Structure formats: structure tokens, C-alpha cells
Asker: 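The structure is given below, and queries will be raised subsequently.
Scope of the values below: all heavy atoms of this structure, side chains included, with no hydrogens, waters or symmetry mates. So you know, we letter chains A, B, ... as the sequences are listed, proteins then strands, and number each from 1. The shown structure was predicted, so the numbers you read here are calculated from the model rather than taken from an experiment.
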Amino acid sequence: MTQLTDPPAAGAATGAAAAGAAAEASAVPPVGAAAPRTSERPPRRRRGPRRWWLYLVLAAGLVAMVMPFVWMILGSFKTNAEIRQHPTNFWPIDPTLDNYAQLFGRLDFANYFANSLIVAFFVTAGNIVFSSMVGYALAKLEFRGKRLLFGLVLATLMVPGVVTFVPLFVLTANLGLVNSYPGLILPFLITPLGVFLMRQFMLSLPDELIEAARIDGASEWRIFLRVIMPLCGPAVATLTILTFLASWNNFLWPLVVATSEDKYTLPVALALYSVGQNAAQYGLMMAGAVVVVVPVLAVFVVLQRYFVQGIALTGIK
Amino acid sequence: MTALPTPAPARARAARRRSRRATLVAWGFAAPFVVLFLVFMAGPIVASLGMSFTDLTTRDLQTPFNVNLVGLDNYLRLFEDPRFVRSLLNTGIFVLVGVPVTMALALAVALALNTGIAKFRTVFRVGYYAPVVTSIVAIAIVWRFILQPDGLLNAFLGWFGIEGPNWLQSTSWALPSLIMMAVWRNIGTLMVIFLAGLQGVPKEHHEAAMVDGANAWQRFGSITLPALRPTLLFAAVITGIGFLQFFEEPFVMTRGGPLDSTLSTAMYTYQQFGFGNYSYASAASYVLFLAIVALSLIQFRFLGRKD
């Protein structure tokens with residue numbers, strides 16, 4: 001009963017409280033700087049304590065948000081017996097890499113990882129190329145059927161995979177593409193969301209650039225490649241992140257179309273193992289979750305500005 | 001010779017030719033998208049509806065002309081199936097409870113971050129947003145272990161002398177458990193949307209109200225909330241659309257059980273597809289689709305009003 005979760009978790013809690021207190025102390029100057037406008041009101045003394053509990057509540061929420069990840073990573077280094085032990089143990093007593101060894105040895109997670117990467121790569125590339133092209137037409141060219149085309153894009157912005165997967169599977173089966181990379185990739189090469197995003201961004205680019213290039217006799221393709229695309233860096237970055245992420249985490253379609261183990265993507269493999277005969281291998285499943293989640297989390301922490309930008313641009317994750 | 005003004009009809013013809021050429025070039029840019037869109041998006045949406053009026057099953061894949069039209073039979077059968085009705089009910093509860101709870105918590109976090117938090121802003125933002133970018137499958141597995149009878153959550157509750165239930169094996173706690181996880185995962189998205197919305201609330205109004213002696217709650221109720229209304233509606237709609245499709249959570253955590261208490265409509269559709277009942281599954285997915293369309297229409301109305 002002595003060496004259970006309490007000490008480290010309590011440590012984390014007080015740590016967070018300390019962080020909150022420290023933050024309160026250092027948060028005073030900006031408040032002081034903003035204060036002069038309402039100087040007749042009693043300054044800082046009143047606001048100090050309120051800040052303090054705000055930080056405390058936010059920090060407690062943060063612990064709740066991050067704890068499952070911490071638990072996952074710690075669990076991946078525990079033996080099965082240790083995870084099941086009661087009461088629950090927080091830090092691994094005897095950290096082991098055995099779960100990872102099994103994942104990449106007995107199970108074929110290296111292959112699933114590669115499959116996920118291959119699919120995500122082609123899906124992302126397709127979305128960048130095709131969304132940019134049609135985005136340019138919709139944003140900068142005048143043509144018959146433009147309104148209809150954009151209407152279709154808007155109307156299908158929210159169509160979920162669960163509506164289309166049955167006929168899509170019938171189609172894929174008739175094309176002989178079940179359990180193949182093209183079967184996994186083709187339906188996702190374009191997304192209305194990508195088109196919408198590129199169009200919105202290109203609308204904001206000045207027309208003068210294009211007109212100047214036209215006067216110089218450049219073809220539309222040349223303008224698209226040499227004038228427009230070099231200016232689309234931020235939009236392409238956002239689209240890359242959103243599409244790669246969606247593909248990496250995609251579950252329903254790969255579950256339906258990858259019928260044998262050699263074509264599983266990571267989420268499919270993980271889900272099927274977790275409800276199959278490895279269901280009780282807690283440590284192994286935690287390690288599998290780490291392999292799926294941690295690369296994405298690492299990229300997110302580095303590029304978090306662009307992730308948030310994507311949401312702001314489209315309003316959709 | 002070229003300096004002579006061209007007669008009007010010739011000019012009009014030239015303009016028409018130019019516009020036809022422009023249209024051709026533009027459709028050239030759109031062509032790859034249009035082809036893929038028709039084959040993999042528009043086609044299946046229409047086909048799904050068409051299939052839902054037939055008796056297509058897995059056996060008919062090789063011989064598609066053996067399929068018969070059965071009218072509304074699939075839909076009638078669906079609503080006679082207590083499991084389907086149960087799945088609709090579960091999905092409804094998931095949306096009607098999950099969306100408001102997610103929104104309330106996300107709004108609280110956004111407000112806290114927006115009012116005078118100077119330090120650790122990025123840390124908080126990254127932390128609250130992190131679950132959004134992760135695979136639901138992976139996260140659902142982790143949560144399954146957290147929700148074990150002797151798992152992390154019950155150990156935590158134990159500090160306060162509360163004996164937690166067997167979350168995922170209890171017919172009354174399994175669905176709330178999944179809702180709890182969905183809330184946890186979606187707070188980040190709405191937090192970002194609300195933070196953006198809060199930028200649009202005029203500071204002058206707050207200052208004026210403060211001069212008039214309004215307290216923080218009064219200012220929140222009569223300035224922030226009304227200014228945020230479009231953002232709140234938008235957030236409710238996109239979260240609702242997402243929650244209507246919940247699938248990975250029951251698939252990994254409960255397999256729809258215990259006793260169908262977490263069976264979602266998407267999960268039901270997938271199960272019927274797995275049994276080879278393609279047309280029946282299509283009908284089920286179309287019922288879900290109609291709910292999503294209804295929510296989207298609300299959003300379109302709201303977007304239209306904004307312009």
C-alpha cells in the first residue's frame with residue numbers, strides 16, 4: 001500500500017501548484033502595465049489572488065489532459081504483471097523494452113508503420129497538387145460552371161466516410177483494388193476541405209501579379225506554377241499537416257479495405273490486436289499506442305503554430 | 001492594317017472564343033479533382049442512396065444485375081430492429097450530452113486563457129490541444145486501461161474515498177465513459193475556435209460596462225456571450241456532426257456493449273456491412289447522413305446570415 005501512485009502524483013500536483021504560484025508572481029508586471037487606464041480601481045491586490053486560482057484551475061485541467069499520455073508512455077515500459085498489479089503502480093519499477101521488442105519482432109509493426117507512412121505520403125501529395133490546381137481555377141479564373149463546381153465542394157465538405165464506405169467498397173472490389181495500396185489511397189487523393197482551404201488562401205493573393213504575368217505573355221500554367229504556388233507556402237504547410245494527420249489517424253476505410261495483415265495501417269493493426277488475442281497484453285497495447293501517437297505529438301509540439309492556423313483557416317480539424 | 005478598329009460582331013466573336021478558351025483552361029486545372037470527386041465522392045453518395053432501395057448483399061458483387069429493387073423495405077426493417085433504434089438513441093445521447101459539456105468546458109478554458117494569462121499560454125494551449133491530433137484508436141486503448149476497475153481513474157477516485165464503478169462493463173456507466181473520453185479529446189478544437197471568436201469581442205464594450213459597475217458575470221452574460229453567439233452555433237454544429245459519427249470509441253473500448261448500451265449508428269452500419277448486408281448497411285448510413293445534413297443546413301443558414 002505504501003509505494004502506490006500517491007507520491008509521484010502528489011508531487012506532480014504540488015509541482016503544478018508551484019508553477020501556478022510562480023506564474024502568478026511573474027504575471028504581475030503586465031497587469032501593472034495595463035493598469036493605468038483604470039487607475040481609480042484598486043489595482044494588483046485585487047487581481048493577484050484571482051489570477052492565482054485561474055492558474056491553479058488551468059493547471060489541474062492540464063494535468064487531466066496530459067495524464068493519459070503520461071500513463072500510456074509509462075505503461076509501455078511496464079511488464080504485463082506490473083500493469084495489472086493492484087493497487088496501480090505509477091512509475092515502472094523495473095522498466096523494460098520488451099513490449100517494443102515484441103511489437104517490432106513478434107508483431108509486424110515496422111510494416112504497419114511503413115504502410116501508414118506510404119499511404120499518408122501519397123494522400124498528402126495528391127491533396128496538395130490537386131487542391132492547388134482546382135483552388136487556383138476557383139479563386140482566379142472565370143469560367144462556365146464555376147459556381148456549380150464550388151457549390152459541389154461546399155456541399156460535400158462535411159460528408160462523412162460512414163456514408164460512402166459501402167458503395168466505395170463495392171466499387172473498389174469491382175476494380176480489384178481491395179487489399180492494395182491504390183485501394184487505400186485513391187479515395188482520399190482529393191478532399192473538398194483541401195480545395196476550400198486553397199481557394200480561400202488564393203483569393204487573398206493580389207490579382208495584379210497575375211495580370212502583370214498575363215501581359216508578359218505567360219500561360220495560365222506558368223502563372224500557376226511560377227507566380228501563385230511560390231506564394232502559397234503557409235496554405236500548403238497547413239494543408240500538409242491537416243491531410244497527413246487525417247490520413248495517419250484514419251480508421252474506418254483502412255479497416256474495411258485492408259483485409260490481410262500485410263496491408264494494415266497502424267490504427268487498424270492496433271485496433272484489431274487490441275480486441276483480438278492480444279487484448280490482455282496491456283503493456284504491448286500501450287507500446288503500440290505510443291508508436292501511433294508519439295511521432296504525431298512530437299511534430300505537433302514543434303509545429304503547433306501551423307496546426308492552430310489550420311483550424312482558424314477552416315474551422316474544421 | 002491591325003490598327004483599324006475591328007467591326008463589332010468580330011470583336012464579340014473573339015471575346016466569345018477567348019472566354020471559351022478560358023473555360024477550357026480552367027476545367028483543365030479542375031479536371032483531376034473533378035474525375036476523382038465524381039468517382040470516389042459524388043458517385044458513392046448517390047450509389048449509397050440507390051443501394052439502400054435494393055437487396056444487394058455480398059453475394060451479388062460478381063453479378064450486380066441480380067439485384068432487385070425493394071423500395072423502402074430496408075428503411076422499414078431498420079426502424080423495426082430494436083438494435084438500430086437503440087443505436088439511434090445512444091448516438092442521440094452521445095451528441096446531446098457530449099456537445100454541451102465539451103462546449104462549456106472549452107469555453108471556460110478559452111475564457112481563462114483570454115483573461116490575463118500571460119505566462120505558460122503556449123504550454124496550456126499545446127496541452128489542451130494535444131488530444132485532438134492523436135489517433136482515436138490509440139487513445140481509446142489507453143482510456144480502456146485507465147477505465148479498468150483497478151485502473152488509474154478508480155485509483156484517483158480512491159484517494160477521495162470513492163469506489164469507482166467498473167466503467168466499461170456497466171450498462172449505466174459505459175456510455176458516459178465514452179462521452180467523457182470524447183469530451184476530453186475535443187476540448188482543444190473548440191478552445192481554439194472560441195479563442196479566435198473572443199478576439200472579435202469589442203474591448204470597448206467591456207471597458208464601458210466596467211465603468212458602469214458591471215461585474216464579471218454580468219459582463220460575460222450581456223457582452224461576451226451575445227458577441228460569441230455565431231461562434232457558439234458554429235462550434236455546436238461541427239462538434240455535433242463529428243459526434244454523430246462516433247465509431248472508434250465503441251469499436252475499441254466496448255465493442256458496442258455491454259448489452260448494446262454503447263452501440264452507435266456508425267458501429268451498427270459497420271456491423272451490418274461486416275455481415276454482408278450491403279444495401280441494409282447503406283440504408284442505415286443514410287439515416288445517419290440525413291441527421292448530418294440537417295445539422296449542416298443549420299450551419300449554412302448561419303453562414304449565409306453572416307455575409
Asker: Does the ring center of A:Trp221 lie less than 6.0 Å from the ring center of B:Phe29?
Answerer: yes
Asker: If we define contacts as heavy-atom pairs under 4.5 Å, which of A:Leu252, A:Val268, A:Val66 has the most with chain B?
Answerer: A:Leu252
Asker: Taking the inter-plane angle between the rings of A:Phe169 and B:Tyr278 on a 0 to 90° scale, is it parallel (under 30°), tilted (30 to 60°) or perpendicular (over 60°)?
Answerer: perpendicular
Asker: Under a 4.5 Å heavy-atom cutoff, which of B:Val293, B:Ile45, B:Val25 has the most pairs with chain A?
Answerer: B:Ile45
Asker: Heavy atoms only, distances under 4.5 angstrom: which of A:Leu168, A:Val290, A:Val292 has the most pairs with chain B? Name it, please.
Answerer: A:Leu168
Asker: Using modelled atom types and a 3.5 Å cut-off, is there a donor and acceptor pairing between side-chain atoms of B:Trp184 and backbone atoms of A:Met65?
Answerer: yes
Asker: Are A:Pro192 and B:Met41 packed together at the side-chain level, in the sense that at least one heavy-atom pair is separated by less than 4.5 angstrom?
Answerer: yes
Asker: Answer whether the closest heavy-atom distance between the side chains of A:Trp248 and B:Ser135 falls below 4.5 Å.
Answerer: no
Asker: Mind listing the closest non-hydrogen atom pair of A:Val296 and B:Val133 along with its distance?
Answerer: CG1-O, 3.3 Å
Asker: Under 4.5 Å from any heavy atom of chain A, what part of B:Arg144 do you find: side chain, backbone, both or neither?
Answerer: side chain
Asker: Can you tell me how the ring of B:Phe247 sits relative to the ring of A:Phe251, calling it parallel under 30°, perpendicular over 60° and tilted otherwise?
Answerer: tilted
Asker: A:Asn249 vs B:Thr134, test: side-chain contact (heavy atoms from CB on, under 4.5 Å). Steps then yes/no.
Answerer: CA-CA 7 Å; A:Asn249 293 339; B:Thr134 53; 5.7 Å; no
Asker: Just give me the residue among A:Leu266, A:Asn250, A:Leu189, A:Leu152 that pairs up with chain B most often, heavy atom to heavy atom, under 4.5 Å.
Answerer: A:Leu152
Asker: Let me know if B:Val39 has heavy atoms under 4.5 Å from chain A in its side chain, its backbone, both or neither.
Answerer: both
Asker: Would the number of heavy atoms belonging to other residues, nucleotides or ligands and lying under 6.0 Å from CZ of A:Arg214 be above 12?
Answerer: yes
Asker: Evaluate whether atom CZ of A:Arg144 has more than 12 neighbouring non-hydrogen atoms of other residues, nucleotides or ligands under 6.0 angstrom away.
Answerer: no
Asker: At a heavy-atom distance under 4.5 Å, which candidate from B:Ala26, B:Ala30, B:Gly127, B:Ser282 has the highest pair count against chain A?
Answerer: B:Ala26
Asker: Counting only heavy atoms not in A:Glu142 (residues, nucleotides, ligands), do more than 12 fall under 6.0 Å from its CD?
Answerer: no
Asker: Would you indicate whether the side-chain heavy atoms of A:Val134 and B:Val34 approach each other to under 4.5 Å?
Answerer: no
Asker: Can you say whether the rings of B:Phe273 and A:Phe165 are parallel (under 30°), tilted (30 to 60°) or perpendicular (over 60°)?
Answerer: perpendicular
Asker: Taking the side chain as C-beta and beyond, is there a heavy-atom pair between A:Val163 and B:Leu288 under 4.5 Å?
Answerer: no
Asker: Would you mind telling me which of A:Thr172, A:Leu255, A:Val293 has the largest number of heavy-atom pairs within less than 4.5 Å of chain B?
Answerer: A:Leu255
Asker: Measure across A:Pro160 and B:Ile292 and return the closest heavy-atom pair with its distance rounded to 0.1 Å.
Answerer: CG-CD1, 3.4 Å
Asker: My understanding is that only residues two or more places apart in sequence, or in another chain, count here; which of them pass ring pair (Phe, Tyr, Trp, His ring centres under 6.0 Å) with B:Phe156?
Answerer: B:Trp159, B:Phe160
Asker: Given a strict heavy-atom distance threshold of 4.5 Å, which part of A:Ala246 is in contact with chain B: side chain, backbone, both, or neither?
Answerer: neither
Asker: Side chains of B:Phe251 and A:Leu272: closer than 4.5 Å at any heavy-atom pair?
Answerer: yes
Asker: To the nearest 0.5 Å, what is the distance between CD1 on A:Ile190 and CZ on B:Phe37?
Answerer: 6.5 Å
Asker: What residue, out of B:Val109, B:Val137, B:Thr122, has the most heavy-atom pairs lying under 4.5 Å from chain A?
Answerer: B:Val137
Asker: Rounded to the nearest 0.5 Å, how far apart are CD1 of B:Ile146 and CE of A:Met72?
Answerer: 9.5 Å
Asker: Does the side chain of B:Phe289 reach to within under 4.5 Å of the side chain of A:Val162, using non-hydrogen atoms?
Answerer: no
Asker: Is it the side chain or the backbone of B:Leu244 that comes within 4.5 Å of chain A heavy atoms, both, or neither?
Answerer: neither
Asker: Select one option (side chain, backbone, both, neither) describing which atoms of A:Phe188 are under 4.5 Å from chain B's heavy atoms.
Answerer: neither
Asker: May I ask you to test the A:Val153-B:Phe33 pair for a side-chain heavy-atom distance under 4.5 Å?
Answerer: yes
Asker: Please name all residues satisfying side chain to side chain donor-acceptor pair (under 3.5 Å) with B:Thr254, sequence neighbours left out, ordered by chain then number.
Answerer: B:Thr262
Asker: Rounded to the nearest 0.5 Å, what's the gap from CG on B:Leu36 to CG on A:Leu186? Could you check?
Answerer: 7.0 Å
Asker: Could you walk me through whether B:Tyr270 and A:Val256 pass side-chain contact (heavy atoms from CB on, under 4.5 Å), step by step?
Answerer: CA-CA 9 Å; B:Tyr270 174 77; A:Val256 165; 4.0 Å; yes
Asker: Sub-3.5 Å donor-acceptor pair from the side chain of A:Thr164 to the main-chain atoms of B:Pro44, do we have one?
Answerer: no
Asker: Is B:Tyr128 in contact with chain A via its backbone, its side chain, both, or neither, using a 4.5 Å heavy-atom distance?
Answerer: both
Asker: Measure the spacing between CD1 of B:Ile141 and CE of A:Met286 and express it to the nearest 0.5 Å.
Answerer: 9.5 Å
Asker: I'd like to know which of B:Ala140, B:Ala281, B:Ala130 tops the heavy-atom pair count under 4.5 Å against chain A.
Answerer: B:Ala130
Asker: When the aromatic ring centroids of A:Phe300 and B:Tyr129 are compared, is their separation below 6.0 Å?
Answerer: yes
Asker: Under a 4.5 Å cutoff for heavy-atom pairs, which residue among A:Ser274, A:Ala289, A:Ala271, A:Ala137 has the most contacts with chain B?
Answerer: A:Ser274
Asker: Can you tell me how far apart CH2 (B:Trp27) and CG (A:Leu141) are? Round to the nearest 0.5 Å.
Answerer: 12.0 Å
Asker: To the nearest 0.5 Å, how far apart are CG in A:Leu58 and CZ in B:Arg121?
Answerer: 10.5 Å
Asker: What residue, out of A:Leu171, A:Thr191, A:Val166, has the most heavy-atom pairs lying under 4.5 Å from chain B?
Answerer: A:Val166
